[in-house]
Amino acid sequence: MDLTSLPGFRDFYPEQMALRDHVFTVWREVAGRYGFVEYDGPPLEPLDLYVRKSGEEIVGQLYRFTDQGGREVALRPEMTPSFARMVGARAGGMPKPIRWYSIPQLFRYERPQKGRLREHFQLNLDIVGEAGELSDAEIIAAAIDMLRAFGLSSEEFVARISDRELIGGLLAAHGVAPEAMGAAFAALDKLDRESPEWVCGRLEEAGVSERSARELLGIPELDLPALLGRVGDDPATLEAGERLRRVFDHLESFGLGAFVRFDPSLVRGLAYYTGTVFELWDRRGEFRAICGGGRYDRLLAAVGGPDLPALGFGMGDVVLSELLKARGLVPEQPAAIQDFVICVTDEQRPAALGVVHALRDRGRRVAYDFAGRSVGRQFKAANQVGAERTIVLGPDELSRGEAVVREMSTGEEKSVPLGSILSD
RNA sequence: GUGGGCGUAGCUCAGUCGGUUAGAGCGCCAGGUUGUGGCCCUGGAGGUCGCGGGUUCGAUUCCCGUCGCUCACCCCA
């Protein structure tokens, strides 16, 4: 029998489970601060749920199979379609905006690499039913506060923010036809990794003149006002720019100005974003994006959900955990054992078990030796499990109704009545 | 799917210019007696040297293949 786990899948040993639990706890705590409530859906869904949204080509990237009932099913690669279905079933009767979040385990059949496995947990946090840009600022603020709650500062990460409609308008003003928009976005997205010549070439293929392409290469250097000066006079584009400016204003009002930056080269690969897009990045550039999201006003309807504006983000546990480890932000776990109860001889066993159980009833984390070993070995065992104190029951103390309590860190020892152990 | 790097004990790694029983540190287990841990000492368990084939008198070592891990590319929900 092969005892290794599947490639890209993780075993969570206790120390890793502690980190995972910490991540989930902080996520839930911050989501709660923003008034989001948690939901979940099935990890296994009909294959068609994803094909309908992303097309047939996605099938090769899914964990999928035919079940015994002949149904084509897939382990969920993302939460949005399930979310759309669940929101759709209830949206009509719910006050808007809807604020829901989830921490699904997601699966994809791809070659694993740094920060990207075949399985991960991803916080999904979305607002449905609100089109105003205050909600854009709200969702970005929530993402930023997630990382702040882990102890990361504006020195360590930044939210890169842009707007797809604004950049789309800019590209259109430079001669990109609607049908070439996707290719042009893809080219711009490569600016930080590919040579200017390469990007220029791709833009020209998308219908951009060489002169315009050269001009577009300067995009990442532009601030928002400068960029607005180059988008022409299309009213929708100008409005998108104004909208984005107000998003930044709101974030500034939240006091989060140090965490955000306009980044026109950010377009995200996702075709379905309709407005604000953003990503959270480690400033040192050691990791891939920690978090990404934006506004997707037409997606819910497109996947069969309600026709409501929506926006949200996803934040995976893999990159985040690597970052926390690299920055020394993984909290120390409390000792698994608080009290270790020691019997000097087997005669004290019944009394010891009574003490053990009474302490556990009081919520203490308690252990004791199973094997009847020497007192020295029992202390050694207590030390190994990190016990905060040991409670020694010997014939002498027990005859007086007492026990010796030893603080393991200091070695300080005192004889106390059994009753006081169980009441303080 | 493409390419690079790496596979020796639970962990981190030595080592063998091809040669007999493959080592260390840490960790683990048991002792160092009869009521006190951390340090120390002694002993022990634990490895098909990733797997398969080839060359060879002999392969953990050389060659080929394969699997796995890992990094990058592609892609990215």
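Please read these numbers as outputs of a predicted model, since none were measured by experiment. We name chains A, B, ... by the order of the sequence lines, and we start the count at 1 in each one.
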Is the distance from the ring center of A:Y273 to that of A:F185 below 6.0 Å?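 No; A:F185 has its ring centre 6.0 Å or more from that of A:Y273.
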Considering just the side-chain nitrogens and oxygens of A:K380, establish if one lies under 4.0 Å of OP1 or OP2 belonging to B:G38.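 Answer yes for this pair, as a side-chain N or O of A:K380 is under 4.0 Å from OP1 or OP2.
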To the nearest 0.5 Å, what is the distance between CZ (A:F107) and CZ (A:R76)?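 Nearest 0.5 Å value for the CZ-CZ distance: 7.0 Å.
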Using a heavy-atom cut-off of under 4.0 Å over every strand shown, decide if A:E110 touches base, sugar-phosphate, or nothing.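 Base, at least one base atom sits under 4.0 Å.
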What is the nucleic acid contact for A:P112, judged by heavy atoms within less than 4.0 Å: base, sugar-phosphate only, or nothing?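 No contact.
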Partner nucleotide, any strand, of [N] [Watson-Crick/G-U, under 3.5 Å]:
N     : value
B:G52 : B:C64
B:C40 : B:G32
B:C17 : none

Check whether the side chain of [X] and the base of [N] form a donor-acceptor pair under 3.5 Å.
X      : N     : result
A:Q113 : B:U70 : no
A:Q61  : B:G1  : no
A:R111 : B:U70 : no
A:R108 : B:C76 : no

Nearest-Å distance for atom pair [atom1]/[atom2], residues [X] and [N]:
X      : N     : atom1 : atom2 : result
A:M408 : B:G38 : CE    : C1'   : 8 Å
A:D11  : B:G10 : CG    : P     : 16 Å
A:K114 : B:C75 : NZ    : C1'   : 19 Å
A:E322 : B:U70 : CD    : C1'   : 12 Å
A:Q378 : B:G38 : CD    : P     : 14 Å
A:Y368 : B:G35 : OH    : C1'   : 21 Å
A:I391 : B:G35 : CD1   : P     : 20 Å

Passes side-chain hydrogen bond (donor to acceptor under 3.5 Å, both in side chains), A:Y109 versus A:Q61? Steps please. CA-CA 5 Å; A:Y109 195 83; A:Q61 298 171 58; over 6 Å; no
Interatomic distance at P, B:A45 relative to B:G18, whole Å: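 Each nucleotide's P atom is 32 Å from the other's.
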Distance check, P atoms only: B:C17 and B:C13, in whole angstrom units.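 Straight-line distance between the two P atoms is 23 Å.
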Tell me which of A:T410 and A:R373 sits closer to the 5' end of RNA chain B, going by the nucleotide each one is nearest to.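 On the 5' side of the pair lies A:R373.
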Can you tell me which nucleotide in [options] comes closest to the side chain of [X]?
X      : options             : value
A:N383 : B:C28, B:G37, B:A72 : B:G37
A:E397 : B:A72, B:G35, B:G38 : B:G35
A:D396 : B:C28, B:G35, B:G37 : B:G35
A:R377 : B:C75, B:G32, B:G35 : B:G32

Cationic N near anionic O, under 4.0 Å, A:R20 to A:D317: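 Looking at A:D317 together with A:R20, the answer is no, because their closest N to O distance does not fall below 4.0 Å.
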Does A:R327 come within less than 4.0 Å of A:E155, counting only side-chain N to carboxylate O?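 Result for this pair is no, no salt bridge flagged.
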Apply side-chain hydrogen bond (donor to acceptor under 3.5 Å, both in side chains) to residues A:R295 and A:S135 and explain how you reach the verdict. CA-CA 10 Å; A:R295 176 169 286 281; A:S135 63; 2.9 Å; yes
Members of residues 337-347 of chain A that approach RNA chain B, where some heavy atom sits under 4.0 Å away: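 The stretch gives A:V344 as the residues lying under 4.0 Å from the strand, ordered by number.
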